[in-house]
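Read through the structure below, which is laid out as structure tokens, and then see the notes.
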Amino acid sequence: MNKFLFWLAIIIISISFPNITLAQDSGNLDRPKIIDRQMDCVEGHSGGNNGIGWNDVCDLAQSPSNTADPATESNDNKNWEYSQSIKYSRGKYGTSQESETYEEDSVLQRDFENADVSITIPSLWQTGNVTATNTSREIVKKKTVTTTSNTTINPTIAGLGDIAFNANYYLLEEDKNAPLDVTLTGYLKAPTASSREGLGTGQLDGGPGLGFTKKLMFNFKAIADASFAFIGRVPGQDTKDQLSLDAGLEYDFNPQTTATVKYEYSNATSKGTAQSEDMALSLDYKLNDDWKLNGEATIGLSNGSPEETFLLGATVLFDGSVLGGLFSSKSEPSSLMDYDTASSPFAPISARIISDPLYLPLKSQLYGSTSYTYSLSSSSSYNYLGHKTANSSTDANTFTQATEYGITDRFAIRLSDSYSFNKAFKALTTTGANTTSNNEGFNNPTIGTTYRMIDQSNSPADIDLTLNISPNAFKDKEAGGGHDGTVASGNQPITFTTGIGREMKAFSILGTFSTIFEGNRYYEALSNDDNYYEHQYFNYEFAINTQTRLTDRLSFNLGSGYTIADKAHVTNLSTGTKFLATLADTLDFTAAINYHIIPNRLVGGITYTYDGYSNGKSTYATASSDTETKNHYANVIGARLQYLF
């Protein structure tokens, strides 16, 4: 993966709209929270006699953070918290090969007077010869592929991590009934990660912990945590339970800003492997009563730790009425101005403009979009020696119809589908032969919902949660051998998207992060009549979309996105041949010009998209069968009508 583009996307989102950056700190800065200082311990090991790497990432969300006095609590009505965080780790973990881990965590927490409970849902993307499992404490063997030439391939793996449940009880409180704060915690990790892919062990873990905080002079506090985890036993592995300790200092620069430095230790979870030791520096900033931002940098002190770890996060606090109003039919009063009465170009507005990236229909509104696109793509194929074997191009014509209906002002459902016909032309450079194949038909329909969890009318931003599902409605057939194929994909994708954006009179910006589950896929290649099975995998997408309004009728949209693609294990069911498909990452740029024929009722637009793909590769047990795709890109132009009833 192109690391530069990945981090560029994160930085742009952070600068353009800082509230999107994420939160490991899912607790409240105004009272003790174990979840506030989640312990990020990555333990790496060199395992067995085969030299395969092992490690352990502990993202346990169970070390207490007493960053302010409970007496200063100013958000008693904000009893829910939603956090998102992105973390990058790099290290060799006692092996000869460097490994990288990207993590994205979504945390939902419920706060009570003297306790809190939370659920952490992690997504992982890892490369190298060491596997790091989020929110778990055990070692995991990474899956490898060995070719006939004795070359070991350590495939990139990605997917859902182990979901963690945490509960914190504030046992004692300094200045009221004890000389220091004492927090009791409980932790349970569910085996939701794939043990087959090496993302987890398939075992339950859990255990108790204690956290301590003591006020010192000059706004300093001493902090210490201890926790014990009962590790689920992995067949064939000598796993051990784990004791984790950390200690350090916190300093409050002011009521909004807190810095923490701490030393962290965890014993090894496998006989003969290294313990984890590191130093962590974190900075928490309370933007206002609703938003908190945080960052953390960690340096490893032992072979069992990553060499470096960086984290960016954000947390939003809200009251229970946000969730309770999911299916409410009542509209909320807005303190925002309408488009015509906005005082300045960057004043927030209440209008929902149908061409805007943040558009969501109001209750009982029916929205529709009809579009046509023409796409021309090009790529080159290479063999295992690096010699070009073919040039390919594909032109595609696609008609798409989407419909969305507002159940309430903050909850909508949608249905969309498309019909495509395309022609793929391939010139085989070694033989001079030309082949042409055609694919035509309906794509699988998409059924989705969007819930506006936080509305801009009473918050600095809109936060949308979107779920889309595309069930298999049509067979997946690849054209060839003089037979036409279909355009439907057979992997039934499920996409969950978090979007954070702000709408102003002259400008809107929306940042999104999507986790895309591509299910198991069965398809038929008509060129040889063989049937194939492609194992499930995950993709991840970061995107920024904007709209600039020149007048009340004329506007233009600009956007960019980057998709991180996983590797897929494919089996030819007819012959038994297996190969590893390295799927291409995608960088796209989008643009559109919109004109309101009838203001906010009928909008016509011209659209353009450029897609640039990284190299794709198919790796077989026999190296001479390997193929690679390079120089792959596509230009897409189109027209669309958007309308509202």
Closer than 3.5 angstrom, by distance alone: can the side chain of Ser83 be matched with the main-chain N or O of Ser106 as a donor-acceptor pair? no
Any side-chain heavy-atom pair of Asn443 and Asp417 under 4.5 Å: yes
Does any N or O in the side chain of Asn520 come within less than 3.5 Å of the main-chain N or O of Gln536, such that one atom is a donor and the other an acceptor? yes
Minimal non-hydrogen separation, Ala412 against Pro361, with atom names: CB-CG, 4.0 Å
Gap between atom NZ of Lys505 and atom CD1 of Ile353 - 0.5 Å precision: 10.5 Å
Side chains of Ile463 and Val316: does their closest heavy-atom pair fall under 4.5 Å? yes
Got a donor-acceptor contact below 3.5 angstrom from the Asp162 side chain to the Thr192 backbone? yes
Can Thr315 and Tyr82 be said to form a side chain to side chain contact (heavy atoms under 4.5 Å, CB included), step by step? CA-CA 6 Å; Thr315 299; Tyr82 178 71; over 6 Å; no
SB check Asp356 Arg549 (cutoff 4.0 Å): yes
Side-chain donor-acceptor pair present, Thr185, Asn168, cut-off under 3.5 Å: yes
Report yes if the side chains of Pro460 and Asn288 come closer than 4.5 Å at any heavy-atom pair, otherwise no. yes
Could you tell me if Thr120 and Asp105 have a donor-acceptor pair between their side chains, going purely by distance under 3.5 Å? no
Mind checking what makes side chain to side chain contact (heavy atoms under 4.5 Å, CB included) contact with Leu554, not counting sequence neighbours? Leu550, Thr551, Ile593, Tyr595
Kindly determine whether Tyr562 and Phe542 satisfy ring pair (Phe, Tyr, Trp, His ring centres under 6.0 Å), including the steps that lead there. CA-CA 5 Å; Tyr562 190 82; Phe542 301 86; 8.1 Å; no
Between Asn539 and Glu541, do the side chains contain an N or O donor and an N or O acceptor separated by less than 3.5 Å? no
Excluding sequence neighbours, so at least two apart, what forms salt bridge (charged side-chain N to carboxylate O under 4.0 Å, His left out) with Asp464? Arg452
Side chains of Glu103 and Thr101: do they bring a donor and an acceptor to under 3.5 Å? no
Separation between OG1 (Thr257) and CG (Leu283), nearest 0.5 Å, reads 6.5 Å
So, using side chain to side chain contact (heavy atoms under 4.5 Å, CB included) as the criterion, who are the partners of Leu602 when residues are at least two apart? Ile597, Ile598, Leu641, Tyr643
Looking at Asp585 and Ile564, would you say the former's side chain and the latter's main chain have a donor-acceptor pair under 3.5 Å? no
Only pairs at least two apart or in different chains count here, so list each salt bridge (Lys or Arg N to Asp or Glu O under 4.0 Å) that has a residue in residues 552-561. none
Mind running side-chain hydrogen bond (donor to acceptor under 3.5 Å, both in side chains) on Asp116 and Tyr169 for me, showing each step along the way? CA-CA 7 Å; Asp116 66 66; Tyr169 179 73; over 6 Å; no
How long is the span from the CZ atom in Arg410 to the NZ atom in Lys363, to the nearest 0.5 Å? 14.5 Å
Intermediate values then yes/no, side chain to side chain contact (heavy atoms under 4.5 Å, CB included), Ile163 and Ile119: CA-CA 7 Å; Ile163 295 176; Ile119 178 174; 3.7 Å; yes
Salt bridge (charged side-chain N to carboxylate O under 4.0 Å, His left out) filter on Arg414, not counting sequence neighbours, yields Glu404
For Phe589, enumerate each residue passing the ring pair (Phe, Tyr, Trp, His ring centres under 6.0 Å) test, keeping only those at least two apart in sequence or located in another chain. none
How are the rings of Tyr102 and Tyr88 set relative to one another: parallel (under 30°), tilted (30 to 60°) or perpendicular (over 60°)? tilted
Using side-chain hydrogen bond (donor to acceptor under 3.5 Å, both in side chains), reason through Asn294 and Glu296 one step at a time and then give a plain yes or no. CA-CA 7 Å; Asn294 76 296; Glu296 183 172 309; 5.5 Å; no
Would you call Glu503 and Pro357 a side-chain contact if the rule is heavy atoms closer than 4.5 Å? no
Donor + acceptor pair across side chains of Ser514, Thr497 (<3.5 Å): yes
Backbone N or O of Leu358 within a donor-acceptor pair of the Asp462 side chain at under 3.5 Å? no
Step by step, work out the side chain to side chain contact (heavy atoms under 4.5 Å, CB included) result for Ile121 and Phe496. CA-CA 12 Å; Ile121 303 176; Phe496 178 75; over 6 Å; no
Please identify each residue that fulfils ring pair (Phe, Tyr, Trp, His ring centres under 6.0 Å) with Phe517, with sequence neighbours left out. Phe538
Beyond-backbone contact of Gln492 with Asn444, side-chain heavy atoms, under 4.5 angstrom: no
State the CG-OG1 distance between Leu558 and Thr590, to the nearest 0.5 angstrom. 7.5 Å
For Thr586, all residues meeting side-chain hydrogen bond (donor to acceptor under 3.5 Å, both in side chains), sequence neighbours excluded: none
Is any side-chain heavy atom of Gln547 less than 4.5 Å from a side-chain heavy atom of Phe556? no
Distance from Asn114 atom CG to Glu173 atom CD, nearest 0.5 Å? 7.5 Å
Once side chain to side chain contact (heavy atoms under 4.5 Å, CB included) is applied, do any residues pair with Ala592, and if so which ones, sequence neighbours excluded? Asn557, Asn594, Thr607, Arg640
Any Leu467 side-chain heavy atom under 4.5 Å of Ile494 side chain: yes
Applying side-chain hydrogen bond (donor to acceptor under 3.5 Å, both in side chains), can you list everything that pairs with Tyr540, at least two apart in sequence or on another chain? none
Check whether any side-chain N or O of Arg502 sits under 3.5 Å from a backbone N or O of Ser508 as a donor-acceptor pair, and report yes or no. no
Ser470 side chain to Thr446 side chain, donor-acceptor N/O pair below 3.5 angstrom: yes
Within the structure provided, determine whether Leu204 and Pro191 are in side-chain contact (heavy-atom separation under 4.5 Å). yes
List the residues meeting salt bridge (charged side-chain N to carboxylate O under 4.0 Å, His left out) with Asp611, not counting sequence neighbours, and say none if there are none. none
Do the side chain of Ser560 and the main chain of Asp588 share a donor and acceptor less than 3.5 angstrom apart? yes
Classify the side-chain pair Thr298/Thr309 by whether it contains a donor and acceptor separated by less than 3.5 Å. no
Tell me, please, which residues at least two apart from Tyr405 pass side chain to side chain contact (heavy atoms under 4.5 Å, CB included). Ser364, Leu366, Ile407, Ile413
Check against side chain to side chain contact (heavy atoms under 4.5 Å, CB included), Thr498 and Leu465: CA-CA 5 Å; Thr498 300; Leu465 303 179; 3.9 Å; yes
Are a donor atom and an acceptor atom from the side chains of Gln401 and Ser418 found within less than 3.5 Å of each other? no
